[in-house]
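Predicted model only: the values in this text are computed from it and were never measured.
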Amino acid sequence: GQNIFDQIRGATKYISSSSSNAQGTDADELKSFDSDGFTYGGNAGGNASSGSYVGWGWDAGASTSVNTAGDINPSSAWVNTTAGFNILKYTGSGTDNHTVGHNLGKKPMVWMVKCLDTARDWVVHTGDNVYEPGYDYFNLNTNGAKNNSSANAPTTSLFSVHGNDMNASGDEFIAYLWAEIPGYSYFAHWDGNSSTDGPFIHCGFKPKYIMWKPGSAGSDWVVYDDERTPTNLLSNYLLANSNNAEGSSGTIDFLSNGFKLRTTTTHNNTSGTRVWFMAFAEHPFKYARSR
């Protein structure tokens, strides 16, 4: 899995995408966020001798006033509306289907929530109509099937939290929310066809990063980027729900306006399987070139 850091919690605080564990602290891991990047310490988790590492970063803009329109008021928030990204922290109320105010100004298409104080699963809701917008969700730290909830769909100012994994009374939670920005981000799904001539997904840009999750049980969270594999077929993948080393499988082409599946791999392109994904651009479409 990947260790995740953000400005709200501070550089030395980490949570892992593959773990339900509470937040940890390590002064020798990510040491600081800098104006032109970040500074990493000597921890072997991200700086072992002869190790190769990849890092992905989203610009959350600046600290902003919290949105108090919901049942739960966040304690702090950062937002970058241009990039459609919002980070906020809140304390759980213990009440199902309470709402939390966000700062995006438009409906989020993805919101990921993790409890910081107690070992609880990650919850990832999708606003795409892959299943039922706002109702169905995944657990980032597992390869389980989609789950159902009675949560309300998000609005331009609110999202719903439910169950102890998102709203245990007195526990602190961190939430990451993305709204879709044409030419920069795209959140949708494909339906598998069990062919090496797999589905083409039009994003409107050349992807830099894609993470996907099939709705079926036993299917992993797969991450591709063109930093680790700069030419097609992209072969090097990581699993967000596993701490395994990088794997290799010629699965996908990154194209100037989207991507295309080139595999019959079980779950990822099986006929009858629906796969949800989040994709981010290398450049806006007008600057993109074929690979």
Would the distance check show the side chain of [X] and the main-chain N or O of [Y] forming a donor-acceptor pair, the cut-off being under 3.5 Å?
| X | Y | value |
| --- | --- | --- |
| D117 | E172 | yes |
| S63 | W78 | no |
| S235 | S248 | no |
| T142 | G144 | yes |
| N80 | F85 | no |
| W122 | S16 | yes |
| N67 | H102 | yes |
| D220 | V222 | no |

* **ring pair (Phe, Tyr, Trp, His ring centres under 6.0 Å) partners of Y90, counting only residues at least two apart** =>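 Checked Y90 against ring pair (Phe, Tyr, Trp, His ring centres under 6.0 Å); matches are F173.
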* Kindly write out the residues that satisfy ring pair (Phe, Tyr, Trp, His ring centres under 6.0 Å) with Y209, not counting sequence neighbours, or none if the list is empty. =>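 Listed in chain order: W56, W58.
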* Asked: Is there side-chain contact between S17 and I4, with at least one heavy-atom pair below 4.5 Å?
  ->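 Sidechains of I4 and S17: in contact.
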* Hey, are the side chains of L261 and I201 touching, using non-hydrogen atoms and a 4.5 Å cut-off? ->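 In contact.
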Going by atom types only, do [X] and [Y] share a side-chain donor-acceptor pair under 3.5 Å?
| X | Y | value |
| --- | --- | --- |
| T39 | D34 | yes |
| N241 | S18 | no |
| N3 | E29 | yes |
| N244 | S242 | yes |
| N147 | N139 | yes |
| Y237 | S249 | no |

Test of understanding: with side chain to side chain donor-acceptor pair (under 3.5 Å), list the residues that count as partners of [X], not counting sequence neighbours.
| X | answer |
| --- | --- |
| N164 | none |
| W221 | none |
| S219 | K213 |
| E227 | K208 |

With [X], which residues qualify under salt bridge (Lys or Arg N to Asp or Glu O under 4.0 Å), at least two apart?
| X | result |
| --- | --- |
| D197 | K260 |
| D171 | R120 |
| D191 | R274 |

* Given C203, S185, P207, the one that forms side chain to side chain contact (heavy atoms under 4.5 Å, CB included) with F280 ->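 Result: among C203, S185, P207, S185 is the only option passing the side chain to side chain contact (heavy atoms under 4.5 Å, CB included) with F280.
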* Could you check whether the rings of Y137 and H162 sit parallel, tilted or perpendicular, using 30° and 60° as the cut-offs? =>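 The arrangement is tilted - the two ring planes meet at 30° to 60°.
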* Please state whether the rings of Y40 and F38 are parallel, tilted or perpendicular, taking 30° and 60° as the class boundaries. =>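 The rings of Y40 and F38 stand perpendicular, inter-plane angle above 60°.
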* Please confirm whether W190 and W212 have ring centers closer than 6.0 angstrom. =>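 W190 vs W212: aromatic centres under 6.0 Å.
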* To do: Flag the pair H125 / W111 as yes when their ring centroid distance falls below 6.0 Å, and as no otherwise.
  =>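 Yes, the ring of H125 comes within the 6.0 Å limit of the ring of W111, centre to centre.
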Which pairs with one or both residues in [range] pass salt bridge (Lys or Arg N to Asp or Glu O under 4.0 Å), sequence neighbours excluded?
| range | value |
| --- | --- |
| residues 6-25 | D6-R9 |
| residues 238-247 | R228-E246 |
| residues 149-169 | none |

